[in-house]
*Asks:* 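Dropping the structure in here first, questions after.
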Amino acid sequence: MLLAEAPDALEKRVKERREGLPELPNAVKGEVILRFAPNPNGPLTIGHSRGVIINSQYAEMYDGKMILRYDDTDAKIKRPDLKAYDWIKEDFTWLAGVKPDIILEASARMPEYMAHAKQFIADDYMYVCTCTADEFKQLRIDQQECPCRANSALKNSDLWNQMNDTEGGFNEGDAVVRVRTGMEHKNPALRDWPALRIQRASHPKVGDKYRVWPLLDFQSAVEDHVQKVTHIIRGKDLMDSTRKQKLLYEMAGWNYPETLYWGRVKVHEFGGFSTSQMKIDIENGDFNGWDDPRLPTVRALRRRGFSAAAMRKFWIELSLTQKDISVPLATLISHNSTEIDSSTPRLSFIQNPVMLALNCAGIELPDAIDIPCHPLEKEMGVRNWALPRDSELQVYIEKEDFDIAIASDGKIRLKDFADIDVSENKGGVVTSMPRSDERPIIHWLTEEMATNHTLLRPDEQGEQLDEIKGLLEKNPHPSGTIIQLERIGFARLESSESEPSMTRMIWTHS
RNA sequence: GCUCGCGUGGUGUAGUCCGGCCCAUCAUUGCAGGUUUUCAUCCUGUCUACCCGGGUUCGAAUCCCGGCGCGAGCACCA
């Protein structure tokens, strides 16, 4: 009886809510090899961060290996930026929390690709085509074979040598190598797709060493096989790439990796994340650099005080689906708040300061007050504010709060300190240290604790970068510390490298 | 034009393979309230969804057919 019911019980369990990422198909623990293959034409964007995080998360789940591969085989249209190689490695490591297991540069792997190309041509899997792009486009539409297709493997090997030879008579655009997949495929994208072409632009890494360069589908197909990649996770725009590459794998007798896809992602506040476009905008002076807080780059987010842990939670929650999605930044912000709230020390920041001269003759004030650095995390200690011995206390409050005070009979409470009554002439009197009524509570600063600071904050549309001047509480936190400004929101302390004394904050979020 | 993929609340997401435990999960957002000497954190409540139309079935988010919508590929870019 019990045995008969057991299968039922098992099926129920399957229906329970899945936690985290879905299982990888045919994954064997310890044998999974994944790769993340960006074009090094700029630092990583939020879009790339999905690739880094999902892949590295799977690598962790299955005790697998993670390859970071620079797909730098186009020195002309998507010209590699030498600095980007380091930026990407840095961004990757920050996001994943670990370094990639293997780092590869396609440009450094050229001998491998060229050897395979040569062999595939000799095996008659690929042929040299001298049609123009337009001619072939028409042939593809008409499902007609081009004349070059009839050439023998021997002839093609000869043409291949000519393509690679400076004196060979072939120039950029004169000849490409195609994979002999067949012109009868009903999917036009698969018909004798191009694998390698001539490109004369000098490559930032290897100079003029090569004339012929592989295209993504070929380079990636060969490299994934050589590296024994078991799972490829890529955008669904690359679905036909998978199909193209599978045809080549079939000819070569190789096993194609398991492939999973994700859809397009947009973040409401940013729209898309085109590296090329950002590069242009930066060069035009529209932005101050790749880490401009308005940009959707990983370094900008990091500079703004977003944590890698929040980014990871964000992408894992979005999971791996083929839907095109558009997410509000609020989702990431929410993850970030929960992630950083308990570890961010509180500080007082006064925008539009108004100085109040408070008479405290009627009250016995202590020499100093201790304010918790964090309302819940007591082990973070206290902030010690000395109070002057005079009968007059000078404090700063925000103009906005001053107006509120005036509007409510001048009765207001300085947080963690005392009730005060203020008057329109900016004078006032300390009436009680303990809270005596329900009057509003505001943040404030003693004159002694105030230092000039600016808060760099992108406007709502992310177009302007506002520089808000104000008074920040003196504090011992080093540059890079993420803090919470009482009643305002999170920010990250930053000192400029050229002027260490010049400190400012970058706005994180409220 | 050909080919491919996707359609669950405002936004994401679970469930879809193997139809009933689904008057549909979880999170986030919005709204309402509570705790709090921050407009933070935390807690409670609440609104809103299976693209449409047929079919199969005792029963469909789930299977079948047709439509519609959105996205992508058909580059000598990645």
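In the text below, chain A, chain B and the rest are named by the order of the sequence lines, each starting its count at 1. Worth knowing before you read on, the calculation uses all heavy atoms, side chains too, and leaves out hydrogens, waters and symmetry mates. Predicted, not measured: the structure shown is a model, and the values here were computed from it.
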*Asks:* Name the residue closer to the 5' end of RNA chain B, choosing between A:I198 and A:P188 according to the nucleotide with the nearest heavy atom.
*Replies:* A:P188
*Asks:* Would you say the side chain of A:Q484 and the base of B:U38 hold a donor-acceptor pair, judged only by whether the two atoms sit under 3.5 Å apart?
*Replies:* yes
*Asks:* Roughly, in whole Å, what's the span from CG in A:D81 to C1' in B:C77?
*Replies:* 17 Å
*Asks:* Rounded to the nearest Å, what distance is computed from the CG atom of residue A:L376 to the C1' atom of nucleotide B:C43?
*Replies:* 13 Å
*Asks:* Taking the same atom, P, in B:C51 and in B:U44, what whole-Å distance lies between them?
*Replies:* 31 Å
*Asks:* Can you tell which of A:D437, A:D419, A:D421 makes a salt bridge (Lys or Arg N to Asp or Glu O under 4.0 Å) with A:K411?
*Replies:* A:D421
*Asks:* Where the side chain of A:Q322 is concerned, which of B:C6, B:A40, B:C77 is the nearest nucleotide?
*Replies:* B:C6
*Asks:* Does A:R197 place a side-chain N or O at less than 4.0 Å from the phosphate oxygens OP1/OP2 of B:A78?
*Replies:* yes
*Asks:* Take atom CD1 of A:I404 and atom P of B:C39, then tell me their distance rounded to the nearest Å.
*Replies:* 12 Å
*Asks:* Taking all heavy atoms of A:H335 and all of A:K313, pick out the closest pair and write down the distance.
*Replies:* ND1-CB, 3.7 Å
*Asks:* CG/A:L376 to NZ/A:K378 distance, rounded to the nearest 0.5 angstrom?
*Replies:* 7.0 Å
*Asks:* Contact class for A:G173 vs. all strands (heavy atom < 4.0 Å): base, sugar-phosphate, or nothing?
*Replies:* base
*Asks:* The side chain of A:T338 is closest to which nucleotide in this list: B:U11, B:C42, B:C77?
*Replies:* B:C42
*Asks:* Is A:S276 touching bases, backbone alone, or none of the nucleic acid, heavy atoms closer than 4.0 Å?
*Replies:* nothing
*Asks:* Does a donor on one side chain sit under 3.5 Å from an acceptor on the other, for A:Y113 and A:Q219?
*Replies:* yes
*Asks:* Just call it for A:V176: base, sugar-phosphate, or nothing, with non-hydrogen atoms closer than 4.0 Å on any strand.
*Replies:* base
*Asks:* Rounding to an integer number of Å, can you tell me how far A:W213 CH2 sits from B:C76 P?
*Replies:* 18 Å
*Asks:* Nearest to the side chain of A:R264, which nucleotide is it out of B:U11, B:A72, B:G73?
*Replies:* B:A72
*Asks:* Quick check on contacts: within residues 70-78 of chain A, what sits under 4.0 Å from RNA chain B by heavy-atom distance?
*Replies:* A:D71, A:T73, A:D74, A:I77, A:K78
*Asks:* Does B:C23 have a Watson-Crick or wobble partner in any strand here, with both distances under 3.5 angstrom, and which is it?
*Replies:* none
*Asks:* Counting heavy atoms from C-beta on, name the nucleotide in B:C4, B:A78, B:U38 closest to the side chain of A:M239.
*Replies:* B:C4
*Asks:* Parallel, tilted or perpendicular: which fits the ring planes of A:H509 and A:F306, with parallel below 30° and perpendicular above 60°?
*Replies:* tilted
*Asks:* Could you let me know what B:U48 is paired to, Watson-Crick or G-U wobble, both distances under 3.5 Å, or none if it's on its own?
*Replies:* none
*Asks:* Give none if B:C4 has no partner; otherwise give the nucleotide forming a Watson-Crick or G-U wobble pair with it, both distances under 3.5 Å.
*Replies:* B:G71
*Asks:* Any side-chain N or O of A:R243 under 4.0 Å from OP1/OP2 of B:C4?
*Replies:* no
*Asks:* In terms of the nearest nucleotide of RNA chain B, which residue is placed more toward the 5' end: A:S337 or A:K323?
*Replies:* A:K323
*Asks:* Choose from B:G73, B:A78, B:U38 the nucleotide whose nearest atom is closest to any side-chain atom of A:E486.
*Replies:* B:U38
*Asks:* Taking only the P atom of each, what is the distance from B:G53 to B:G15 in whole angstrom?
*Replies:* 26 Å
*Asks:* Given B:U28, B:U38, B:G73, which nucleotide is nearest the side-chain atoms of A:A189?
*Replies:* B:G73
*Asks:* Here's a test for you: under salt bridge (Lys or Arg N to Asp or Glu O under 4.0 Å), which of A:R69, A:K205, A:K89 qualifies with A:E105?
*Replies:* A:K205
*Asks:* Taking a pair as Watson-Crick or G-U wobble with both distances under 3.5 Å, which nucleotide is matched to B:G9?
*Replies:* none
*Asks:* Below 30° counts as parallel, above 60° as perpendicular, anything between as tilted: where do the rings of A:W385 and A:W444 land?
*Replies:* perpendicular
*Asks:* A:H374 and A:E379: side chain to side chain donor-acceptor pair (under 3.5 Å), yes or no, with the steps?
*Replies:* CA-CA 9 Å; A:H374 190 288; A:E379 63 276 15; over 6 Å; no
*Asks:* With heavy atoms under 4.0 Å as the rule, sort A:S348 into base, sugar-phosphate or nothing.
*Replies:* nothing
*Asks:* Which one, B:U29, B:C77, B:G12, comes nearest to the side chain of A:A330?
*Replies:* B:U29
*Asks:* Report, one pair per line, the protein and nucleotides 49-52 of chain B atoms (nitrogen or oxygen only) whose separation is under 3.5 Å.
*Replies:*
none

*Asks:* Please give the distance between the C1' atoms of B:U8 and B:C23 as a whole number of Å.
*Replies:* 15 Å
*Asks:* With a 4.0 Å cut-off on heavy atoms, is A:R413 in touch with a base, just the backbone sugar-phosphate, or nothing at all?
*Replies:* base
*Asks:* Counting the atoms with a prime plus P, OP1 and OP2 as sugar-phosphate, which does A:L318 contact under 4.0 Å by heavy atoms, base, sugar-phosphate, or nothing?
*Replies:* sugar-phosphate
*Asks:* Side chains of A:D81 and A:N41: donor-acceptor distance under 3.5 Å anywhere?
*Replies:* no
*Asks:* Taking the P atom of each, how far is B:C18 from B:G33, in whole Å?
*Replies:* 50 Å
*Asks:* Between B:C76 atom C1' and A:W160 atom CH2, what is the distance in whole Å?
*Replies:* 13 Å
*Asks:* Checking side-chain polar atoms at under 3.5 Å, does A:S241 have a donor or acceptor matched by the opposite partner on A:D217?
*Replies:* yes
*Asks:* Under 3.5 Å, is there any donor-acceptor pair linking the side chain of A:R346 to the base of B:U38?
*Replies:* yes
*Asks:* Heavy atoms under 4.0 Å, any strand shown: does A:P375 hit a base, just sugar-phosphate, or nothing?
*Replies:* base
*Asks:* Sticking with atom C1', work out how far B:C31 lies from B:G67, rounded to a whole angstrom.
*Replies:* 38 Å
*Asks:* In whole angstrom, give me the gap between the C1' atoms of B:G20 and B:U56.
*Replies:* 16 Å
*Asks:* Counting only Watson-Crick or G-U wobble pairs whose two distances fall under 3.5 Å, which nucleotide matches B:U57?
*Replies:* none
*Asks:* Measure from CD on A:E317 to C1' on B:U28 and round the result to the nearest Å.
*Replies:* 7 Å
*Asks:* Between A:R79 and A:P204, is there a side-chain heavy-atom distance shorter than 4.5 Å?
*Replies:* yes
*Asks:* Using the C1' atom on both, measure B:C21 against B:U3 and round to a whole Å.
*Replies:* 41 Å
*Asks:* Find the distance between CG (A:L44) and CG (A:D91) and round it off to the nearest 0.5 Å.
*Replies:* 5.0 Å
*Asks:* Can you tell me if A:S319 touches the phosphate of B:A14, counting only side-chain N or O atoms and a distance under 4.0 Å to OP1 or OP2?
*Replies:* yes
*Asks:* For A:L238, which contact category applies under a 4.0 Å heavy-atom criterion: base, sugar-phosphate, or nothing?
*Replies:* base
*Asks:* Taking B:C50 as the reference, what is the distance to B:U62 when you measure between their C1' atoms (whole Å, please)?
*Replies:* 10 Å
*Asks:* Taking the six-membered ring for Trp, are A:H203 and A:W213 parallel (under 30°), tilted (30 to 60°) or perpendicular (over 60°)?
*Replies:* parallel
*Asks:* When you measure from the centre of the six-membered ring of A:F136, is the NZ or CZ of A:R178 closer than 6.0 Å and no more than 45° off the axis?
*Replies:* yes
*Asks:* What's the CD-C1' distance between A:E269 and B:U11, to the nearest Å?
*Replies:* 11 Å
*Asks:* Would you say A:R439 places a side-chain N or O within less than 4.0 Å of OP1 or OP2 belonging to B:U37?
*Replies:* no
*Asks:* By nearest atom, which of the nucleotides B:G73, B:U11, B:C77 is closest to the A:Q199 side chain?
*Replies:* B:C77
*Asks:* Give none if B:G33 has no partner; otherwise give the nucleotide forming a Watson-Crick or G-U wobble pair with it, both distances under 3.5 Å.
*Replies:* B:C43
